[in-house]
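Report on the following structure.
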Amino acid sequence: MTPTLRTERLLLEPYAPEDEEDFVALFQDTRVSRWMGDGPSSEAEDRALFGRVFTKVYAQDLFAVWAVRREGRLVGHAEIKRTDTVDGHEIIYALAPTAWGSGLGTELARAVVAHGFDTLGLDEVHATVAAANEASLNLLDRMGFAYVRDIEEDDGSTTRVLTLSR
């Protein structure tokens with residue numbers, strides 16, 4: 001079950017069905033989605049993804065997926081899940097551009113990492129970040145994540161693998 005987490009300014013809680021429009025708007029914003037997974041998807045694909053959060057992830061208790069709220073408004077998305085890419089657990093986070101530049105990304109990432117260490121009992125947490133995503137790389141560097149290796153993607157881009165140990 002995805003627990004509710006609180007930080008100084010953010011509430012991380014499971015999505016509710018009425019979050020669909022805000023979820024889709026976040027994922028349709030190419031300033032955000034260009035760094036997520038394989039990049040921007042169609043609106044229909046994002047709606048299907050939102051549906052799978054309920055029918056698969058929550059229904060089967062696969063991993064934690066959070067709606068990130070500030071002052072009651074959806075401002076982001078976060079996950080922590082097992083992945084074979086790093087043979088461990090990876091954090092995933094995204095914020096709407098209106099929330100950029102105010103330290104919320106660090107606050108969000110710290111909350112997800114703390115959940116991994118304190119609740120899941122992990123010894124290390126990983127992140128995979130596009131090499132061109134300087135903002136996220138800088139954030140993770142400030143948190144103490146260490147560079148592990150690069151992955152050359154099929155499209156010629158590079159993904160950085162970073163790890164933070166307990």
Side-chain angles (χ1 to χ4, degrees), residues 1-58 62-81 83 85-86 89-116 119 125-145 153 155 157-162 164:
M1 186 78 181
T2 297
T4 296
L5 308 177
R6 294 180 193 282
T7 71
E8 182 180 333
R9 300 176 290 170
L10 299 172
L11 173 65
L12 286 69
E13 63 183 357
Y15 280 100
E18 56 269 19
D19 291 323
E20 182 173 358
E21 295 308 316
D22 291 333
F23 175 95
V24 170
L26 177 69
F27 278 68
Q28 283 293 293
D29 188 324
T30 56
R31 296 170 293 177
V32 176
S33 62
R34 68 187 265 197
W35 306 120
M36 302 288 290
D38 293 327
S41 299
S42 70
E43 181 179 336
E45 290 169 320
D46 288 339
R47 287 188 189 283
L49 176 62
F50 184 78
R52 285 193 304 278
V53 168
F54 293 94
T55 62
K56 187 169 182 177
V57 178
Y58 290 162
L62 296 179
F63 52 89
V65 176
W66 292 279
V68 179
R69 301 183 198 284
R70 181 170 188 207
E71 299 172 350
R73 296 181 50 112
L74 185 83
V75 296
H77 172 88
E79 305 175 15
I80 187 167
K81 64 182 179 181
T83 177
T85 302
V86 293
H89 284 73
E90 173 183 25
I91 64 168
I92 296 166
Y93 55 89
L95 284 174
T98 56
W100 292 356
S102 60
L104 290 175
T106 301
E107 195 171 318
L108 172 56
R110 285 189 193 287
V112 177
V113 166
H115 175 74
T119 303
V125 174
H126 308 278
T128 56
V129 180
N133 187 346
E134 293 179 21
S136 195
L137 290 171
N138 289 334
L139 180 158
L140 295 168
D141 182 60
R142 286 191 308 272
M143 288 181 61
F145 275 76
E153 302 292 350
D155 66 1
S157 66
T158 301
T159 298
R160 295 256 153 85
V161 177
L162 308 161
L164 180 66

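A quick note: this is a predicted structure, and the numbers were derived from the prediction, not measured.
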Within this structure, what is the [atom1]-[atom2] distance for the pair [X] and [Y], rounded to the nearest 0.5 Å?
{"X": "Trp66", "Y": "Ile92", "atom1": "CH2", "atom2": "CD1", "result": "10.5 Å"}
{"X": "Leu162", "Y": "Leu137", "atom1": "CG", "atom2": "CG", "result": "6.0 Å"}
{"X": "Glu79", "Y": "Met36", "atom1": "CD", "atom2": "CE", "result": "6.5 Å"}
{"X": "Asn138", "Y": "Met143", "atom1": "CG", "atom2": "CE", "result": "13.5 Å"}
{"X": "Leu164", "Y": "Arg110", "atom1": "CG", "atom2": "CZ", "result": "9.0 Å"}
{"X": "Leu10", "Y": "Leu95", "atom1": "CG", "atom2": "CG", "result": "7.0 Å"}

For [X] and [Y], work out which heavy atoms get closest and say how close.
{"X": "Gly105", "Y": "Leu139", "answer": "C-CD1, 3.3 Å"}
{"X": "Pro97", "Y": "Val32", "answer": "CD-CG2, 3.6 Å"}
{"X": "His115", "Y": "Ala64", "answer": "NE2-CB, 4.4 Å"}

*Is Arg69 paired with Asp22 through a side-chain N to carboxylate O contact shorter than 4.0 Å?*
no

*Donor-acceptor contact below 3.5 Å, side chain Gln28 vs main chain Phe23*: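 Not confirmed, Gln28 side chain does not pair with Phe23 backbone.
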
_Whether Asp46 side chain and Glu43 backbone form a donor-acceptor pair below 3.5 Å_ = no

Side chains of [X] and [Y]: does their closest heavy-atom pair fall under 4.5 Å?
{"X": "Val113", "Y": "Phe145", "answer": "yes"}
{"X": "Glu107", "Y": "Leu104", "answer": "yes"}
{"X": "Arg47", "Y": "Arg52", "answer": "no"}
{"X": "Leu62", "Y": "Lys81", "answer": "no"}
{"X": "Pro3", "Y": "Thr119", "answer": "no"}
{"X": "Ile80", "Y": "Phe63", "answer": "no"}
{"X": "Glu90", "Y": "Thr85", "answer": "no"}
{"X": "Val65", "Y": "Phe54", "answer": "no"}

*asked:* Under the rule for ring-ring contact (aromatic ring centres under 6.0 Å, His included), what residues qualify as partners of His126, not counting sequence neighbours?
replied: none

*asked:* Before you tell me yes or no, could you show the steps for His77 and Tyr15 under ring pair (Phe, Tyr, Trp, His ring centres under 6.0 Å), namely the whole-Å CA-CA distance, both residues' side-chain angles and the distance that decides it to 0.1 Å?
replied: CA-CA 9 Å; His77 172 88; Tyr15 280 100; 5.7 Å; yes

*Which of these passes side chain to side chain contact (heavy atoms under 4.5 Å, CB included) with Leu108: Leu12, Thr7, Leu5?*
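Among the candidates, only Leu12 passes.
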
*Crowded around Glu18 CD? As in, over 12 foreign heavy atoms under 6.0 Å?*
yes

